[in-house]
Amino acid sequence: MYGLLLFFHLTGLSIWLGSLVAVIVMLTMMKKHIASPEIGQLAQKTVKIFNFLTHPSSFVVLISGVLLIVDMGLIRSAKPFWMHYMEEVGGMFILLFIVLLSILGKKLVVKLTAGDQLDIRSGMARYLSGMMVSVVCVLSVVFIVAVKL
Ligand code: HEM
């Protein structure tokens with residue numbers, strides 16, 4: 001069971017981080033040409049597909065992490081710092097970024113539909129910043145887990 005749960009945990013993490021980085025690169029490239037209606041539509045589709053992929057995969061990381069703790073019998077026992085950090089800070093990041101990126105993504109889609117260029121640019125900048133912050137936060141968890149502080 002441990003192996004299967006770790007597989008889900010790491011697969012969820014790969015899809016989560018991978019799609020964050022991919023969408024940051026794609027939207028950054030689209031930003032310059034966002035006045036074109038075709039690019040605007042493509043940006044809308046990208047945000048919608050991203051929401052469909054990223055939030056479920058980050059949720060898989062959370063659920064498989066909780067099940068791993070239960071499977072390993074670690075619910076009440078003493079844990080090293082890296083595991084506390086992953087469980088508490090990592091879990092908080094997951095919930096925080098699901099909420100934050102959903103709100104920013106929905107606002108951006110509304111602005112893209114309305115078509116006001118100034119609004120679109122500010123929405124894009126906020127959405128991209130939110131995603132960059134989330135990548136840095138997730139990587140901080142990966143670092144703490146990798147060096148096993
Ligand atoms: C940002 C969120 C998270 C990241 C980046 C992350 C990353 C990782 C990584 C890279 C591993 C493999 C470590 C290894 O095998 O040496 C791992 C294992 C594990 N994760 Fe997470 N994780 C996150 C969230 C969580 C949460 C929320 C929980 C629990 C509620 C959790 C519980 C676990 C457990 C129990 C293991 C197995 C540890 C072991 O085999 O010793 N993780 N995680």
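Atoms within each ligand, like the ligands themselves, are counted from 1 in listed order.
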Which option wins on minimum heavy-atom distance to [atom]: [options]?
| atom | options | answer |
| --- | --- | --- |
| atom 35 (C) of ligand 1 | Leu68, Leu62, Val142, Val138 | Leu68 |
| atom 8 (C) of ligand 1 | Met86, Glu88, Met92, His84 | Met86 |
| atom 29 (C) of ligand 1 | Gly65, Gly91, Gly12 | Gly65 |

* May I ask whether Trp82 places a heavy atom under 4.0 Å from ligand 1? =>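 Trp82: in contact with ligand 1 (<4.0 Å).
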
* Do any heavy atoms of Leu6 fall under 4.0 Å from ligand 1? -> yes

Just let me know how [X] lines up against ligand 1, side chain, backbone, both or neither, with a heavy-atom cut-off below 4.0 Å.
| X | result |
| --- | --- |
| Phe93 | neither |
| Val145 | side chain |
| Leu74 | neither |
| Trp16 | side chain |

* Check ligand 1 against Val66 and write out every atom of the ligand that is under 4.0 Å from a heavy-atom position of the residue. => 29 (C), 30 (C)

* Among the clusters formed by ILVMFWY side chains lying less than 4.5 Å apart, do Met92 and Leu95 turn up in the same one? -> yes

* To do: Identify, by name, the N, O or S atom of His9 lying closest to atom 21 (Fe) of ligand 1.
  =>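 It is NE2, the N, O or S atom of His9 closest to atom 21 (Fe) of ligand 1.
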
What protein heavy atom sits nearest [atom], and how far away is it?
| atom | result |
| --- | --- |
| atom 3 (C) of ligand 1 | Val141 CG1, 3.8 Å |
| atom 10 (C) of ligand 1 | Leu10 CD2, 3.8 Å |
| atom 2 (C) of ligand 1 | Gly90 CA, 3.9 Å |
| atom 5 (C) of ligand 1 | Leu13 CD1, 3.4 Å |
| atom 16 (O) of ligand 1 | Lys148 NZ, 2.6 Å |

* To do: Please indicate whether Lys79 has more than 12 foreign heavy atoms, meaning atoms of other residues, nucleotides or ligands, lying under 6.0 Å from its NZ.
  => yes

* Compare all side-chain heavy atoms of Leu139 with those of Leu17 and state whether any distance is below 4.5 angstrom. => yes

* Asked: Are Ile94 and Trp16 close enough that some pair of their side-chain heavy atoms sits under 4.5 Å apart?
  -> yes

* Asked: Just by distance, do the side chain of Ser64 and the backbone of Val61 share a donor-acceptor pair under 3.5 Å?
  ->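 Answer holds: yes.
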
* Asked: In Å, rounded to the nearest 0.5 Å, how long is the span from CG of Leu42 to NE2 of His33?
  ->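 Here the interatomic distance stands at 12.0 Å.
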
* N/O separation below 3.5 Å, Tyr2 to ligand 1 -> yes

